[in-house]
Structure formats: structure tokens, C-alpha cells
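Letters A, B, ... mirror the listed sequences (proteins, then strands); counts begin at 1.
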Amino acid sequence: MADYLPHTDEDVASMLEFLGMTSLDDLFAHIPASVRLAQGLDIDDGLSEPDVAAIFAGYTAANKAKTTAMTCFAGGGAYDHEVPPVVKALASRSEFVTAYTPYQPEVAQGVLQAIFEYQTLISRLSGLPIPNASLYDAATALVEALNMAHGATGRSKMVISSGIHPHWREVARTFAKGTGHEIVEVPLRNGVTDWSSVDATDAAAIVAAYPNYLGVLEDLSEAKALATTNDALFIVGADPVAAGVLKTAGQWGADVFVGEGQAFGTPLSFGGPYLGLFACTEAQVRRLPGRIVGETVDSSGRKAFVTTLRAREQDIRREKATSNVCTNQTLMAVTAAIQLGWLGTKGLREVATRCAQGAHYLFDEVLRINGVEAVSNQPFFREFAIRLPRSADVVISAMAENHVLAGLSAGAMCDGDDPSIESGVDRVLLVSVTERRTKDELDEYVRALREALQA
Amino acid sequence: MADYLPHTDEDVASMLEFLGMTSLDDLFAHIPASVRLAQGLDIDDGLSEPDVAAIFAGYTAANKAKTTAMTCFAGGGAYDHEVPPVVKALASRSEFVTAYTPYQPEVAQGVLQAIFEYQTLISRLSGLPIPNASLYDAATALVEALNMAHGATGRSKMVISSGIHPHWREVARTFAKGTGHEIVEVPLRNGVTDWSSVDATDAAAIVAAYPNYLGVLEDLSEAKALATTNDALFIVGADPVAAGVLKTAGQWGADVFVGEGQAFGTPLSFGGPYLGLFACTEAQVRRLPGRIVGETVDSSGRKAFVTTLRAREQDIRREKATSNVCTNQTLMAVTAAIQLGWLGTKGLREVATRCAQGAHYLFDEVLRINGVEAVSNQPFFREFAIRLPRSADVVISAMAENHVLAGLSAGAMCDGDDPSIESGVDRVLLVSVTERRTKDELDEYVRALREALQA
Amino acid sequence: MSEAPQPGGRAASAPIMGHESEPTLFEMSVPHRSAYQLRTTGVPATPLSELIPSDHLNAEVVPIAEVSERDLVAHFTRLSHRQFSVDLGMYPLGSCTMKYNPKFCDAIANDLGLNSVHPGAPASLSQGWLEIFVTLEQKLCAITGMSAATLQPAAGAAGELTGLLLMRAYHEANGDVRRRVLIPDSAHGTNPASVTLGGYEVTTIPSNDRGLVDLEKLKAALGPDVAGIMLTNPNTVGLFEEEIIEIAKAVHDVGGLLYYDGANLNAILGAVRPGDMGFDIVHMNLHKTFATPHGGGGPGAGPVAVSPRLVEFLPGPRAMKVDDGSFDWVTPPRSIGRVHGWHGNAVVLARALAYIDVHGGDGLTRVAQHAVLNANWLRHRLRDILPAAYDRVCMHECTLTASGLKAKFGIRGLDVAKALLEEGFHSPTVYFPLIVDEALMFEPTETESVQTLESLAKALERIVERAQDDPESLHRAPQSTPVSRVDEARAARQLLATADAVR
Amino acid sequence: MSEAPQPGGRAASAPIMGHESEPTLFEMSVPHRSAYQLRTTGVPATPLSELIPSDHLNAEVVPIAEVSERDLVAHFTRLSHRQFSVDLGMYPLGSCTMKYNPKFCDAIANDLGLNSVHPGAPASLSQGWLEIFVTLEQKLCAITGMSAATLQPAAGAAGELTGLLLMRAYHEANGDVRRRVLIPDSAHGTNPASVTLGGYEVTTIPSNDRGLVDLEKLKAALGPDVAGIMLTNPNTVGLFEEEIIEIAKAVHDVGGLLYYDGANLNAILGAVRPGDMGFDIVHMNLHKTFATPHGGGGPGAGPVAVSPRLVEFLPGPRAMKVDDGSFDWVTPPRSIGRVHGWHGNAVVLARALAYIDVHGGDGLTRVAQHAVLNANWLRHRLRDILPAAYDRVCMHECTLTASGLKAKFGIRGLDVAKALLEEGFHSPTVYFPLIVDEALMFEPTETESVQTLESLAKALERIVERAQDDPESLHRAPQSTPVSRVDEARAARQLLATADAVR
Ligand SMILES: Cc1ncc(COP(=O)(O)O)c(C=O)c1O
Ligand SMILES: Cc1ncc(COP(=O)(O)O)c(C=O)c1O
């Protein structure tokens, strides 16, 4: 018997006595007998922490792809960035970790100010004035953006570039079943969105990716123009690390920015918990999903922070709320503020630059291998797509033998054909490089890929 | 260039200007040129944290004996006990870790109260009323005890059982060169101190071990009697984990208790930092080495803690101080308080009991191997000594191939002959078992030992 | 002692020293100062301008903050000293289940063998993770009495919406269009909000004078256009819906489904299972019941478990054990599709499994028993100063009312909540559920000792005395906190959401 | 709000909530409550009485404390909120070098590949550790200008005594008996205390009016019976002993040795080396110069480096690179023997190496330059309110005097120190060195920004204003801290060293 309950048998007995009861069962006596669980839970008895740790050691051993055992070239919105001990130490302070949503601002200034700093940073990186306090992840942030567009325009047609990550699009399709939104996915040609191929009249939103999930940097002017002429909201799904050096969503004219914040201090974590980034223009503030922290003063005039514009939220607005989100990803937002504080202005530029340098070096090298070709000849940032002479899944397995996680298979991500890829999706490999990858690792990648293709 | 310095070039320039200086060198201009280091330090330029981490990865890989790679049966005052995540989390709170000695009690109640709790626990485990706030390790604690005995008796003859850990005795001999103490080491017969073999007249201290370093539990009455008749101080070096179930030093009549506190929450750490435990009788309080925390009140009558009896210490007493110790091992003392709080009354008894059960099980099993014999037929606690048909060092290396750290070689510890072992010291192996060792691990030990002896 | 915020700052902002405000990262920032360190890679440092066309490059530098590592550490450490947390003291926030979260689960979450795995790694290279998912799913089903679950939803609300989409898919598959979802007036705000996003209309069912769903009114509201009902049991008042069997039958009779909001699951672990009560869809808040620390607002996880007839609609892909004994991703035949960008909040899921393994079936049952014991002990202990809204045996939380204090001394629930902060306890949930006047909802959880509960009770007694002797002081409370009552109206009037907002 | 300490406790003891005292673990203890969890071993659970004779078993149960994991966490977390630390704010404690300690070094210290190695493991199984020792020794020698070092001493004082025993061994080897060791009157207390334990008599050398060793008086004190002199340079006033060359020559001329107390090494890294100044023995306080956090009083490490003629006497065993390129333990031919139970504070040594590697020779030089820059900037900034005891360029710390304030307003250095706590800064070192009246010794260290220094200066200006306007308030300071001034006399009068002491 292992647990974390303080009560001794004596405690339980005296507490029951205080209640005029004789057994713990008495507390449940008012539950209809017919539904009571007679024979208890069908789950083994508890084990001690060290025993459970031993079980988990088995799980971790079976995770061959851990970065401690393999060099990671997979990306697609989840990146193997440096997270220094100092960021881990600060983000794991138990005051941040074990606090609830800051409902009592007088004793929650720590979390509130950290979120305020996070909001400031997201606003700067997105080039938009109104951030929120985080959403679940990029995919669900996109859904919130679509709902905002519906609210803003009253329309339901969502025109989405298929340069948007396939999973994000799938999530948008899933939730559209409830909202009744029409999701129109615009194909890519040579890795670039073919906006000319769609009819955007009555569109509530035009959604573009920057860079798109194949790594390509598209010129967003055309998408912006399309949004303007159809007075739809212009939503940009952007890589926040790119914002260290590239144009921000705001500079491209976005009304809404959404993105994945994992890159800022959160480990790969097999996909979660991650950090849904969201920011918009002043015009949309009353439609903002989720929490937002604002600066104010306390009764004695001292600066203080508090969650504000609460009237939008589910607990007050109920069925008319702008969103149903309650618990969000605050700890990841706090972590992002800490990581960005550590990187600073210069460090973020340096990371972005090194990602680009590594990706371009590797791109040039792999294209030397015969049979390997680029999916697009367009400019890219930190990630690129190549078409292989054989199945990407097979190549990934083969390279794993050399402790290289080669990248993501487009076929697996899209499962099957997708408007983003003209042909041979199963032979398309997405490769990503972060600032952590050394030249030796890049060269080893090339060697391993050659070997995998010969085999 | 990597460092943790905040100053920008602009900061440095303006600060120098404020000082009416033009270069950082001006700050050192008053140092005689002839001794200035002209060409700078002969040390490579700085590396970034991840680069240094890579260098250290090489060191850790070369540490084959890490418990993550080998099952540890080595003891001798350093034990592989369970340290749960909760203890690590609390002991690593940066307020405890990055504070200095509590010179300003108004802002140091956290550390002061934790030490007070530690002192209470050490007092209970030693059975003596006056603990201190920690010393470097058990060996140096013994030296402080000898100095105390000298102060108490004015005599210099230190009669020490060779059941005391060989390293502790060596440290005592080293420091005796300064204090001029005469160290008399009493031989063991069949693992038990042969007090009859020494002349204890004019002894300042009689020093016994409980259990002794061969694991044997000696009856300390004879040693106590010897101390009493020669009115010497009776110093007992005891295993604090044993105090969970065995008689305390105080119960054996000790005037001074010394011990190694590593077992309470501190990892093996290749020998340090560890925790020197020290406690004594009321009679010796004015001669207590190092710091002691006492309870008092603040100016508004609130309970408060403070370092007290400061007049004994080096910063005030200078050459007449009871000891030269200043920096001690406070963080380990705080850790011990946390670990003991986690274990609690029942847990400590459970740990002590399991150590004894495992050790006795293994003892019985290994003695079945022919050629393996017990060094002593006396009762033992958690550790025992066996004589092997071949060199202990060779056996340790052989068993390491099976990922078992077989124990400690008495020959290596004593380097060469020692009054503690009658013969064949190089074939004596000290084996220790903690509560972490499973039956499977113990059985594997037996198998590996058999194999090593056959080979 | 106050002065303009200093770059560099001072510990005076930490409550240990005083009550000054901490400068923001941006106020601490100094041009060219930095903290970051990156590894030496040897990769050619080609200028960005040669790699990326200039029309993509940002002409301006985006300012982040320029601080030293030392100032970064001091800043966030001081902020942490301005924050209450479970680790500091009791946090009896009703409906939030602020139990102590074992540090052991943190260690699991920080294990590189788990958290350094890329979510796009093929199943063959992440078998450990898939096994964790499969094992957790099976145990959650055993706890709820369901047959399969999706682990993707990132929180309770996400689980709710997922559940409603499953409801919709189920009805549509039966070629059956339904318009309305029923919700009791005591329901949490996420319920109605989710219903809207699920494409349904909300019909609110009033509670009866016992604080439970009014069965007659419920029946009256039922009809063939009702897709289902969302309930939490025990409900948000902390009371068990004793007529649940009748409710289930009535809803099922019109072809509707029952959705179980699992926020209050902590009350019934091992005692009764939603499945046995007739629920078809269940979400769980792992961050409540299964000990993920709340992180100041998140992350959580909201897995959704379902009865057999809904399994084929579950979001995909799902981790499953396949014939050769290995684990693989499988998408259900009529899946509603993904509801998360990857596999859900994986690390939170791993924590929950570790928590369940340590407790086991026996421990989880004790968790509910002791949680309910604590709530009832507290309710009974406080009966003379803060009566329960419905005075009878409650489950894991008790909803008390300050209406008496308001009538007698003009002291509102909010005043009591704020004064409690001065006493070293976090406030209970106030003004929720909406059906109780001046509601103070206490959820002690099972990890608080009876001594701590007694200490809380004494604190509340002192507050009630103050209500009589010096009500004014309560309106001014709290004073000993880093800041006193904040001006929420001003925050809303002039939104300052970033350091750059024009002041 | 106060009440008798409650088992279970309340966060009111954390300064974020108020200023109540935290109950002790023992006050929180409740019979039969527990937190521990141990692994399942399968080892036969033979009763202890069958394994160990009853005359060894303790008839009584030794009471520890009986608390839940939750209460354990709350207790120590609340205690941590009653504790100032470098991570919270500036800690300008002179002579202690309270610089920021990189979290990276914590990560090194927590690496299981280092800290799970048993110290008795043979060299062949701990090659990584031996290489760390050899590499660190070589770098410490490069920094100090010495030829070999022992890493065993656990702190500075242990290093001092080790050094004195080396001195003794050296003289004895030359068949040369010496009685006295010289020490300046400004020396730290550990110096004379160590001299006594080293078996020598202390001869104190007065400082001259420049705060430096009086060369003439030194020469007068010298003689054939002088074993050596202990100096720290810069000295404890923070001033460089400019006549060090003459001092060294004079001591060496009588056959004495020079001992360098490395507590102030931070001032001279890369600028001047003790070896080049003529020192024969040098201890270093790795916990000061090389960034081991002080842990509330320890642990530290005090390696001792020596000149060629002393190498053969060093404590053993020493890690060394041997012919086959591997590393092994070697005991010097005429070793004085072990000074530590194992190999010294190994993990502290590993931290120091990591710190040195990150900084490199260039970085360490900057460390000293910026440390000295900060001290001089502060000295100059404060000159009008707190003049330096010796007003000229100082090294890494500056010794100011409050004698003026005492004369004018009756405000002592201690009052200033206590008031500074209210301002959010730790106090400087007070009343040390003894040769300065009302000494306030500030050591800012290199990791504090000029903005923080300015903020400290402003705080001191406010305090000086208070000294004029309201001196009484300063005698009462600090008030905003967890406790106000404590009754030290009472603590000494009636010693209460444990919770069991009779009250
Ligand atoms: C009764 C109830 N339902 C639903 C929710 C929403 O869960 P989450 O915050 O995880 O989205 C909550 C959370 O507070 C709740 O208390
Ligand atoms: C000048 C000086 N010498 C020696 C010491 C003693 O060093 P330790 O505390 O490491 O024993 C100190 C520590 O404060 C010191 O400041």
C-alpha cells in the first residue's frame, strides 16, 4: 500500500465519529446501491515509487527515438532546441508549477506578471498588439482563429492554404463539424500556395503559413490581397523562431497570428504539453479566446496584474462565450517568457540564423546524392522537403539504425495524398535543422542517407 | 567567449569614466609590475555550456562504477540508499542552496530552523543532548572529537580502536602531527577490539566504532569502562542508520558521538560533499566545535532561531577557538533533516531493518561458496567482511564485468597491513547491502562471485 | 521605501523583504546585455542575406529583453515569491481539486527517455510511449466503466467539445438530426460554451431545492430533438445526483446520450463508475484527479472515454496493441478526426499513469474516501459560522454560503475569501455555482490533514469574529499579501495587455 | 492572526502571507503518519531479533518525525520563503564572494554519471572522476602559479591547516624546528585558529595606516624560529599588499614559507598569481571564487596548491596520469597523509572545473576585472555617505566605515546593515576586519550589474537620511522581514539547541 494520504487510522476513526458515522462507507450510503461498485476497481494494488520507476524504465528503454540516443532532424512544429539548465530550474519553481489559475490576484502576482511578460513577447514576435495568455497548441489556436473570423464576419467559409501543417488542417476539419464551417484547402504548386485556384468570395478567413510546413517561405502579399478584397480576416500561422529574423505576421498584414510555442523552452515531449500562440488586432479584442492579463493598480496604487476582459469567457458568458477554453498552457507560457529572456534579442536572432545556416548546408549536401531532389525550388528557412528514390518510411527506419532520426515522412503526416504535394507523397521527407546540430552531425546525416538509399 | 558577466562594453566604459580611469588595467596599476601576469592565464578560452557538457559526458562515460551501470555493494561509510524525488526537490530549493551562513538571522530563518531540526534529529539518533550544525565528514569530525578530548582532559594520548574506518584513523594521524597527539591504535582479534592489549593510562580519549568498519557489532561496555577508569572521554563513531534500531552512542555511555551522515539523502558523490555528524554531553558544550543553532525570540516575542555560543568560534576566539571550522556542510545537514522527515520514525527503522536483512541473507549465501570464509564470527549489522581464496582487487575487477561493484578491498583501504586484520588483508572483501538491493541482485552477486572465483 | 523600478531590481519585491513591485523583464533590460550560450557547431556561418531573399528578412530587430543570467534568475525567483501555490499551503478551491502532486510524478515528467522523444517519430521508435498510452487508456476505462478512450484532448473543455462531436457523429450515423443539449443550471461555464461549439443549442434545467437536477423539469424538457445531457456527478454543488438512474433512463428513452463531466471524478474513484450510472461519454481532468500540478492555469489533459457504441467514432490515431504484440497507431473506422496537433499532452498522460500505478485500485479508492471524509468534516466543523447551502452529506467538496454574514454584517463571500488569504490559506471558489447565494465552495482534497482542516476552521472563525467586531477591516483585506485588492475595473477599462501598450 | 503552531501548519508562516513562525517538523508530527516509500525487494523479512543479539537492539524507538509527504513539502517550501539567497537578490557580503552560481554547474553536480559513483570504486572503474581531478589540479596550478595541488580539503580552513602541516613537514624534513607563524592583525579568524591546530604560535603583525602589513614591524618580528607567514592578498580590507615582494623576500630570508589565503582570489584571477608573488602554499575557496553556491553555510572545497619544494609532502592519494595514459591514485613519497575521509568534496570540485571551462582563461580574467571595477565603482559612489576606511583604489571589495554616522547620529554599522535588509539587499559584512571601526565591508562581485549597484547606493542614501530624520527607526530595523532583531543574548544564556531541550 503506497499513497500520499495523511490520515492515520486514528484520524479516520475520530473524523467519522465527529460526523456520527462508523465507516467510510457511510459517506457513500446515499448513492443508489444498484450503481455502487461492489467489488472495487479492476486495477492492481499500488506499488511504491521505486517500483513504478522500474516499470517506467522499461518504457523509456523502448523509446529508441529519444534525443539521448538519436540525433533529431524531425521538425514539423516540434523542434529540438537548446533548453539550458537555468531555464529548467526557473520554470520548475514549485510556486509556478503548483499554482492554479490566478483567480486571486493578490497572491498570484508571480504568475500574472510572468504571463504579462509572455504576452508582451508574443505581441512583439507576432507584430500584433493583442496576445492572449496561451492556448493548447497551434492546431487548436488555429481553430480559435477560425471561430474569431466567423464571429467577425458572420461567414463560415475558411480558405486555408495546404501549406498549413496537415495535422492543423485536420483538427480544423474536425471542429468544423460542430461549427459548421466550410473548410476549403488550397493546393500548393512547387511548394507554394496556388491562391488563383480558389474562389474566396464570402470567405470568413484566408489562412496562410509562414514558412509553410514544407519549409517554404511564401510571399504572403497575394494572400493578404485576397483577404482584403473579400474582407475576410487574414490569419497567418507562423514559426515564432522565424520572427527572430523574418517578417512578422503583423508586417505581412495579418489580423490574427497563430503559432506553436514549443520552440521556446519546452522539450519535444512526444507532442505535448505544447504552447498555442495567439495574437490579433485591436479590432478583434472583444472576440479574443481565452485569458488575457492586464496591468492595473492595487488599492494602495501599487502596480499589479490581473486577468481581464473576463466578460468574454465561458464562466461568465457561458453559451455565448468567445471560446470554451478554461485550463490553458500557462506553465509553457511562463517557460517561454523565461527561455526568451535567456535568449534575449541577440540570442533569438542567433538561433534563427543558425537554424537557417544548418538547414541550407544540409540541403545543399543531400541534393548532391543522386536520386534525391528538392520538392520546391523556393526559398526556405529552417526546414525543407526532399523527394527520395524510395519510400521515406523505409529510409527513416534504415537511418535509425545509424542513430539518426531522419525527419518526417510526408505520407505519414498527411496520411495519404494531400493537396500540398503534387505526387509521390510517400517518397517525400521533411528535414529540419536546429541550432543544436553540429557540422559533424549534418555530415553523418548525409552519409547515413547515402547508405540508406544504397541498401 | 562565454561567461556570466552582466557588463556591456558601454557599462564598463561609463563606470571607468566615473572612476576617472580609461582602462580596466588602471584598476590594477598599483600592483607591482614585476609580479603582474604579462601574458594572461595559461588556460584555454571559455567554451559555451553545451560544449562543456559534451566534455563532461566523456567523464561520466568513463565512470564505469556509476550505480546506473553497476549494482553497488560497496559501503565503508558511503551507502547507496534511496533518495526520493521529493527530497531532491526540496533540498535543491535555491533559497537553501544559494544562501550564505546565517549571519543575519532576520532573513535566514529558513536555514536556521532547518538546522535546528537537523540538530534535534542528530541529538535523538546519538542519544546526546548537544549536537552541532555539521562538520566536513566523519573523519574530520573524529579529529574534532579528539581535540575536544584534549581540551577536556589536558592529555594527548588518543586510544583508538582499529575498528574505526582506516581512512578516519589516517586522518587522525595526519592532524596529530599538528596537535602533537599520540595516536594509539588498538588491534582487532576476530573482528573485535582487543582493549586488553593497550595501556590506557593518561588517555584523553577512548574511541570505539559501532558497528566497526568490518561491520561487526562490538559490545562497547569494556571500552566505556576503560574510559571511565582512566577518566578519558568516551568517543563513539557510529552508523547513524543503525541508530534506527540499535543502541545509540548515548546508551553505550558515549561522551561524544561522531558519524557519517551521507546515508541521509546525500548521493554517493564519489566521497563528497558528505556530512560530519557530531554530538556531545552538556559537560562539553563550551568546547563544541563549529556552529550551533539555538532557539530564541525576536524583538516582538516571536519564536526565532540564531547561531549561538559564538564565543567559541574562530572569528571571535581566533587562536584560542575550539576549532578552525568556518564553512561546514549545512546543505547536507538540511538535506538530512528533509530525508529523515521523509523516512520518519517508521521509515528509518524499516531501512535499518532491510539493510540488516539483506546483508545477513547475502552473508549466508556467499559463505556457501567454498573457499569463502567470514573474517569474524561476531554479530554484524548491514556490512560484513569475508576472506576470499584470491585477491579481493582481482575479484572486484572480475565481478565488475558482470556489472556488480562487489565491495571494498580491505587491502586497498588500509593500504597494506593494518591492526584491524590479522592476516591476508589483500584477500579481505568488505560487502555492504542497503534497502535498495533486491533478492535478484543479491542472488546475482553470489553467481558473479562464484564465477569470479572459478575464473 | 518605494522607488521607480530599477533595471537590475532588488529583492524588495520579494515578500520576504517587503511589498514592492518587481520590475518587468523589459524594465530590467539593458542594450547588448545577454545570457544565452549556444554550442559550437562548425556549420559555415553564411550570412542570412545569402540564404534568404531580402523581401523576407525583417528590416527591424524585434526587441526581446536583454538581461544577464543572474538578473533573469533573480527576476523569476522574486516573482515566484509573489505567488501562492499548493506547495506553500492549503488551496481549498472548489471544483479544482488542488491536491498535493507527488514530486515523483515530476521526476517521471522530466525523464529524457520520455520528454526528448519527437512526436513524429515512427511507432517502431517510440514503443514506450505507445505502451504508456495503451496502459493508461485501459486503466482510465477501468476507473470510469467505459470501453475505450481518446487521450488527445488537452484539457477538460477540449474533452467536452470532443465528446459533443462524438455525440453528433453518433446521431448523424443513425441518420438522426438533433438540436438541443440539456445542461443543469449549476453546470460549469465550459459546458454550455462547448455545446455551442458542438453546434447544439443549450436547454438549461433548473435545480430543485435539494441542489439536484429537477427530474420533472428535466423530463418536461426532453424530446426527440435532444442529443443528450451533460452532467457532473457529484454535481458542482458537491452533491451526488441521487436520481441519476432515473435521469439516465429518461434521456436514453428519447434516444439521447449522457455526457459525464469528469471534473469531480475525485469524489467517486472506486465507489461508483460513470459507466454504471448510464453515462455514454466521460471526460476526465487528469490535472485534477490524477495529480498534474496546475501550472498556474495549465497544462492539463482531458481524455474522453466512451461506451461501446461510440468507440468507432473516436479521434485518431489511437495507440493500440497489435497482433504481433507490438504497439501501433490505428485510426477508428468512422473517426471524427484529430482534436490535437499531435497525440495530446503526452507528458501529462505519463504523469497520470505513474500516479495511478503508485496508488493502484486500492489507493485510488482511499483517495475518494478521504476526499469525501475531509469535505464532510469541514462542512460539519463550520456549520455554525458558515452553513452549507444544502445541509446534508456532501461528496468531495462542500458549498457553504456567506449570505448570513452579508445580511448581518454586510460581509460578502468575497470579503471572507480575501481575508482568508491573510490567514495563510488560498480562498475557496466564490460565487460558483451560480445557484447558491454568496457561495463559498471548499474542496479540501484528500491530501490535507485534519490538523490543517482544523487550522482552516480556526482561521474562518477569526474572520467571522472580525465580521462582527471590525467589518471595515474585512473590506480592506488582504493587506499582508504582495499587493492588496486590485482594481479590476480599471484593468478592463484601459486594457494594458503588454509593456508596449500606450499608457 | 497568530495562534499556537498547528500540526499541519499554514502558509501564514511564508512571508508572502504574513509573518508567523513555522511549526517545527516535530510540532507537525502525528503518530503513525508517514511519507516514505521503499522498493519491493523480495528479500526474506527475517525478524531483526533473529539476526542481531538483543543486547544490541534499542529497547526504545527513536522518534524522528511523522509527517505526510504533503506536509513535508509545505514545511520546507515555507521555510525556503523565510530565507534570503543570492537567487533572490544582491548579497554584498565582504570576504564571501557571493556571486551568482550558474545553474549549469548544478546540472553537472546532479549528473548521475558523477554523483552516483562510490568513492571506494577502484580507479579502473572511476577514470572519469580521476581525469576531472587531474584536469582541475592542473588548471588551479595555472591560476595560482604553483606546481601541484591536493584537492582533499573540504573548505578554506581545512586548506589552511593542511597548508600549515605541509609547512611543518617541510621544515622537519630539513631537520629544522620552528615555533611561530606570523599573521597580520587584519587576518580572518580561521588563520590564527589553524595556526594553533598546526602546532604553531601566532605572532600578530599590526597593519600600517594604509591598511597594509607594516613591513618594518614584520621584519622586526622575523627570526629563525618563524615557520612562515599567512597572508591574503588583496588583504581582508580589500587592498593589495603592494610591498608583497619585500615581504616575501624578508620571510624567505629567514627560511620561512609564505602561505596564501585564497579567499580573495577572485580579485586577481589572470592579473597576478600567488606563485609569482613568492607564495609557497596557496589554498583556494572554490565555493567563493569558482561558484559553488554556499548552501547556507557549506559545503565548499579548499584545495591547496604548492611550489615544487613542497610537492612531495602533499596529502595522498592523489589522482595522476600514469604512463599508460590512464589515471591512477598515487601517494607522494613523504605525504603528510589523508586530510579527508575520501577524496575531498568531489562534486564541488567537478562544479569548479565546469565553471573554469565555461569561463576559460579569458573569462576568468574578466571576472577579476569586473569584480574590481564593481567594488571601486561602489566605493566611489558612496564616498559622501559612507567613506572608505582607506580611500584609494581597492580590489574586489571595499571596506567602508559608519563611524561618522555613529558620531553624528548614534547609528552603528549594525543598524545600517539591518536597515539594508528592509531595502531588499543582504547586509555587507559588519565589524570585520577588526582593524576598522564600524566596518561595513561590501563585495559586490562581478555578477551584479551597475544598475543593481546604483539601486544599492540609493537604498543606502535613504538609510542615511533616516539616520538624520528618524534614527530610532533604524535601531528597530528590520521590520519587514520574517522576524525582527533576534535576542542573541537569550539564545546564549539558555541554550535551546534541540526541540527536546528543557524549556
Ligand atoms: C465542473 C467543471 N467542468 C469543466 C471544467 C473545465 O476543465 P478544464 O479547465 O480542464 O478545461 C472545470 C474546470 O474548472 C470544472 O470545474
Ligand atoms: C579571508 C578568509 N579566509 C579564510 C576563510 C575560511 O574559509 P572557509 O569558510 O571555506 O573555511 C574565509 C571565509 O569566510 C575568509 O573570508
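Proximity to chain A is limited to the side chain of C:Leu93, based on heavy atoms less than 4.5 angstrom apart. Interface residue C:Leu51: backbone and side-chain heavy atoms are both found under 4.5 Å from chain A. The contact between C:Leu373 and chain A is made by backbone and side chain atoms together, counting heavy-atom distances below 4.5 Å. For A:Gln109, the parts lying under 4.5 angstrom from a heavy atom of chain C are both the backbone and the side chain. Both the backbone and the side chain of C:Ile336 have a heavy atom closer than 4.5 Å to some heavy atom of chain A. With a 4.5 angstrom heavy-atom cutoff, A:Leu27 touches chain C via backbone and side-chain atoms both. If you measure heavy-atom distances from C:Val195 to chain A, you find no contacts under 4.5 Å at all. In this structure, the portions of A:Arg36 lying under 4.5 Å from any heavy atom of chain C include both its backbone and its side chain. Interface residue A:Tyr100: backbone and side-chain heavy atoms are both found under 4.5 Å from chain C. In this structure, no portion of C:Thr331 lies under 4.5 Å from any heavy atom of chain A. A:Leu90 touches chain C through its side chain: at least one heavy atom from C-beta onward sits under 4.5 Å away, while N, CA, C and O do not. With a threshold of 4.5 angstrom between heavy atoms, C:Ala501 does not approach chain A through any atom at all. At a 4.5 Å heavy-atom cutoff, the contact between A:Arg291 and chain C is made by side-chain atoms alone. Only the side chain of C:Arg168 comes within contact range of chain A, with at least one heavy atom under 4.5 Å from a heavy atom of that chain. Only the side chain of C:Pro122 has a heavy atom closer than 4.5 Å to any heavy atom of chain A. For A:Ile338, the parts lying near chain C are the backbone and the side chain together; criterion is any non-hydrogen pair under 4.5 Å. For a residue to count as touching a neighbouring chain, one of its non-hydrogen atoms must lie under 4.5 Å from one of that chain's; by this rule C:Phe76 touches chain A with backbone and side chain alike. Looking at C:Pro63, the atoms closer than 4.5 Å to chain A (heavy atoms on both sides) sit in the backbone and in the side chain alike. Both the backbone and the side chain of A:Ala78 have a heavy atom closer than 4.5 Å to some heavy atom of chain C. Only the side chain of C:Ile245 comes within contact range of chain A, judged by heavy atoms closer than 4.5 Å. Proximity to chain A is limited to the side chain of C:Ile108, based on heavy atoms less than 4.5 angstrom apart. At a 4.5 Å heavy-atom cutoff, the contact between C:Arg381 and chain A is made by backbone and side-chain atoms alike. In this structure, chain C has no heavy atom under 4.5 Å from any part of A:Ser134.
Counting heavy-atom pairs closer than 4.5 Å to chain A, the top residue among C:Gly113, C:Gly344, C:Gly297 is C:Gly297. Contact count versus chain C (heavy atoms, under 4.5 Å) is highest, among A:Thr353, A:Leu24, A:Thr248, A:Val12, for A:Leu24. Between chain C and the residues A:Thr140, A:Val293, A:Val86, A:Val297, the largest count of heavy-atom pairs under 4.5 Å involves A:Val297. Residue with the most contacts toward chain A among C:Ser34, C:Ala142, C:Pro44: C:Pro44 (heavy-atom pairs, distance under 4.5 Å). Comparing A:Leu309, A:Val285, A:Asp393, A:Asp315 by heavy-atom pairs within less than 4.5 Å of chain C, the highest count is held by A:Leu309. Of the residues considered (C:Leu114, C:Leu48, C:Leu125), C:Leu125 shows the highest number of contacts with chain A, using heavy-atom pairs under 4.5 Å. Of the listed residues C:Thr365, C:Thr447, C:Asp111, the one with more heavy-atom pairs under 4.5 angstrom with chain A than any other is C:Thr447. Your options are A:Asn328, A:Thr308, A:Thr101, and the one with the most heavy-atom pairs under 4.5 Å with chain C is A:Asn328. Looking only at heavy-atom pairs under 4.5 Å with chain A, the residue among C:Gln127, C:Glu446, C:His287, C:His370 that has the most is C:His370. The candidate from A:Leu217, A:Val325, A:Thr345, A:Ile130 with the greatest count of non-hydrogen atom pairs under 4.5 Å with chain C is A:Thr345. Among A:Leu125, A:Asp440, A:Leu268, the residue making the largest number of heavy-atom pairs under 4.5 Å with chain C is A:Leu268. When C:Met277, C:Arg273, C:His32, C:Met98 are compared by the number of non-hydrogen pairs under 4.5 Å with chain A, C:Met98 comes out ahead.
Within the model, atoms CG of A:Leu19 and CE of A:Met15 stand 7.5 Å from one another, a figure rounded to the nearest 0.5 Å. Summarising the geometry, atom NE2 belonging to C:His81 is positioned 11.5 Å from atom CD belonging to C:Glu22; distances are rounded to the nearest 0.5 Å. The CG atom of C:Leu72 sits 10.5 Å away from the CG atom of A:Leu340 when rounded to the nearest 0.5 Å. Atom OG1 of C:Thr41 and atom CG of A:Leu442 lie 8.0 Å apart (nearest 0.5 Å). Atoms NE2 and OG1, from C:His340 and A:Thr174 in turn, are 12.5 Å apart once rounded to the nearest 0.5 Å.
For A:Glu350 and A:Arg354, the salt-bridge test passes: some basic side-chain N is under 4.0 Å from an acidic carboxylate O. Ion pair A:Asp298/C:Arg485 not flagged as a salt bridge, since none of the NZ, NE, NH1 or NH2 atoms sits closer than 4.0 Å to an Asp/Glu carboxylate oxygen. Between A:Arg437 and A:Asp80, at least one side-chain N (NZ, or NE/NH1/NH2) sits under 4.0 Å from a carboxylate O, which counts as a salt bridge. Salt bridge absent: A:Lys346 and C:Glu66 never bring a charged side-chain N and a carboxylate O closer than 4.0 Å. Here C:Asp357 pairs with C:Lys139 in a salt bridge; the nearest charged N to carboxylate O distance falls below 4.0 Å.
For the residue pair C:Ser85/A:Ser94, the side-chain donor-acceptor check at 3.5 Å is not satisfied. Between A:Gln104 and C:Lys418, the side chains place a donor N or O and an acceptor N or O closer than 3.5 Å (distance only, hydrogens not considered).
Counting non-hydrogen atoms of other residues, nucleotides and ligands closer than 6.0 Å to CG of C:Asp500 gives a total above 12.
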**OP:** Take C:Tyr91 and C:Phe84 through the ring-ring contact (aromatic ring centres under 6.0 Å, His included) test and state the conclusion after the steps.
**Re:** CA-CA 9 Å; C:Tyr91 218 124; C:Phe84 190 74; 5.4 Å; yes

Subject >> Chi angles and distances behind the side-chain hydrogen bond (donor to acceptor under 3.5 Å, both in side chains) call for C:Ser194, C:Glu160 >> reply: CA-CA 6 Å; C:Ser194 299; C:Glu160 293 170 23; 2.9 Å; yes

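For C:Trp377 and A:Phe18, the gap between ring centers is short of 6.0 Å. A:Phe381 has its ring centre no less than 6.0 Å from the ring centre of C:His56.
In this structure the side chain of C:Leu197 reaches within 4.5 angstrom of the side chain of A:Thr179, judged on heavy atoms.
Taking each heavy atom of C:Leu421 and C:His426 in turn, the nearest pair found is CD2-CA, 4.0 Å.
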